[in-house]
Amino acid sequence: INLIKYFSAPFYYAAYDFVDFKGAKNLKKNIKLKNSYKDKRAFLICSGSSLNYVDLSLLMNEETMCIGHLYMNKSIHKLNPKMFLLGETYKGLRNREDLIHQYNNPVFPEFKDRDYFDKYNEYLKNENSRDIWYCNQINQCFKEGSTIFVKSEDYSFVKKNNLYLNKKVVYTKYAGLSRKKEFTLDDFDFTKRMYSFNAGSVTCALTTLINLGFKEIYLLGAGYTMKPRLELHFYNNYIFPIEKGYEKALSNANEIIDSH
């Protein structure tokens, strides 16, 4: 099945984009954002446990992009975040088993907001409204004028539910699977579908920040660990199926890192 996805992905993307006239129109608007932050620096704030040891208040006046469920971090108010990105569609939030697992097995619960568990319970109890609930949390954490990067597939969802009315919404497309071995800056042009390798939030965010022209990009909270396994991430996808076991997956991952 994974091989089928791997080889059929380019054809699916091409067919989808060919008939997605509204998406193409939205992506064309992004040309004005190209290199709009040329030669500046940005901080990509991820949701790994290492963020527990970072004083986010030091970044209040910096250009920052947040991803994932960072709105639940009790220090988010110290950050004054400028940009937000989710590397999946909002619809994909409804039936994710890993979110239920995270609720039942919280990581560093003492670092969460006091109402963290209440929020998560509210989020999980009605799976048909998880996407709306999630967007409302993002909307509350980001100030007026902040930039929210949304996957183009969610355009109708955002409009129908009147989301992010006082925010700047930028629609993007990502291709998570590719047979290409070498990439150029043309592959990372967000006036069209961009390659982001695995289409996860971190890689999508990096691709977007490159498009915006940032010269320096610093990652914080990217300390996703495998033992204990706080997040699955690369460990259980089509490249590293969990059946390989921890040692084999780690060995393969190190080989890929060393080859680059």
Side-chain angles (χ1 to χ4, degrees), residues 30 32-88 90 93 102 106-120 122-123 133-151 158 163-172 188 190 196 200-225 230-231 233:
N30 295 341
K32 60 185 178 182
L33 297 175
K34 183 76 172 179
N35 292 321
S36 56
Y37 292 87
K38 186 174 177 59
D39 294 334
K40 294 185 178 182
R41 70 177 183 180
F43 292 83
L44 175 55
I45 316 298
C46 306
S47 55
S49 59
S50 60
L51 197 65
N52 293 353
Y53 309 102
V54 177
D55 183 357
L56 295 180
S57 65
L58 298 176
L59 303 176
M60 180 169 290
N61 297 318
E62 298 282 356
E63 298 296 339
T64 52
M65 175 179 282
C66 301
I67 61 174
H69 290 262
L70 194 65
Y71 58 85
M72 286 194 174
N73 189 299
K74 71 175 185 179
S75 299
I76 188 69
H77 66 282
K78 299 179 181 179
L79 180 61
N80 184 28
K82 311 300 190 302
M83 295 175 278
F84 177 82
L85 180 145
L86 180 68
E88 63 177 303
Y90 293 133
L93 293 170
Q102 290 173 22
V107 178
F108 299 121
E110 71 278 5
F111 194 71
K112 312 291 185 180
D113 289 338
R114 291 182 60 184
D115 61 345
Y116 170 74
F117 293 107
D118 290 336
K119 284 185 176 181
Y120 241 86
E122 180 68 24
Y123 175 59
W133 185 93
Y134 180 91
C135 293
N136 287 335
Q137 300 304 307
I138 299 302
N139 198 51
Q140 293 173 22
C141 288
F142 286 76
K143 294 183 178 180
E144 180 177 352
S146 300
T147 302
I148 310 295
F149 290 90
V150 177
K151 295 195 75 170
V158 171
L163 300 173
Y164 310 134
L165 297 180
N166 64 348
K167 309 292 192 296
K168 181 178 182 180
V169 180
V170 177
Y171 293 96
T172 57
F188 306 132
F190 60 3
S196 62
S201 292
V202 176
T203 51
C204 289
L206 286 171
T207 303
T208 300
L209 291 171
I210 291 172
N211 265 273
L212 292 172
F214 286 104
K215 184 178 182 180
E216 300 176 16
I217 302 174
Y218 299 91
L219 275 68
L220 300 175
Y224 304 114
T225 63
L230 304 183
E231 302 279 354
H233 290 89

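This chain uses plain numbering: 1 for the first residue, then up along the sequence.
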- [ ] For Thr207 and Thr203, work out which heavy atoms get closest and say how close.
- [x] OG1-O, 2.8 Å
Task: Close side-chain approach of Val169 and Leu163, heavy atoms under 4.5 Å - done: no
Task: Asn80 and Lys82, any side-chain heavy atoms less than 4.5 Å apart - done: yes
Task: 4.5 Å side-chain heavy-atom contact, Leu206 and Leu44 - done: yes
Open item on the list: side-chain contact (heavy atoms from CB on, under 4.5 Å), that's the test. Do Asn166 and Asn139 meet it? Break it down for me.
Closed with: CA-CA 9 Å; Asn166 64 348; Asn139 198 51; 3.8 Å; yes
Open item on the list: Just checking Lys34: does its NZ atom have more than 12 heavy atoms from other residues, nucleotides or ligands closer to it than 6.0 angstrom?
Closed with: yes
Task: Heavy-atom closest contact (Tyr134 atom, Gly68 atom, distance) - done: OH-O, 2.7 Å
Task: Leu220 and Thr64, any side-chain heavy atoms less than 4.5 Å apart - done: no
Task: Gap between atom OG1 of Thr208 and atom CE of Met65 - 0.5 Å precision - done: 5.5 Å
Open item on the list: Just verifying a value: how many Å separate Lys167 NZ and Met83 CE, rounded to the nearest 0.5 Å?
Closed with: 15.0 Å
- [ ] Name the orientation class of the two ring planes belonging to Tyr164 and Tyr90 (parallel below 30°, tilted from 30 to 60°, perpendicular beyond 60°).
- [x] tilted
Open item on the list: How long is the straight-line distance from OH of Tyr218 back to CG of Leu59, given to the nearest 0.5 Å?
Closed with: 11.5 Å
Task: Minimum side-chain heavy-atom gap Phe142-Cys66 below 4.5 Å - done: yes
Open item on the list: I need the Met60 CE to Leu79 CG distance, nearest 0.5 Å.
Closed with: 7.5 Å
Task: Interatomic spacing from SG in Cys141 to CZ in Phe84 - rounded to 0.5 Å - done: 9.0 Å
TODO: Give, for atom SG of Cys135 and atom CD of Gln140, the distance between the pair rounded to the nearest 0.5 Å.
DONE: 11.5 Å
TODO: For residues Cys46 and Val202, report the shortest heavy-atom separation together with the two atoms involved.
DONE: SG-CG2, 4.1 Å
TODO: List the steps, then state whether side-chain contact (heavy atoms from CB on, under 4.5 Å) holds for Leu209 with Tyr37.
DONE: CA-CA 9 Å; Leu209 291 171; Tyr37 292 87; over 6 Å; no
Task: Minimum-distance pair of heavy atoms, taken over all atoms of Ser57 and Asp55 - done: OG-OD1, 2.5 Å
Task: Backbone N/O of Tyr171 and side chain of Asn30: donor-acceptor pair under 3.5 Å - done: yes
Open item on the list: Using every non-hydrogen atom in the two residues, find where Ile76 and Pro81 come nearest and quote the distance to one decimal.
Closed with: O-CD, 4.0 Å
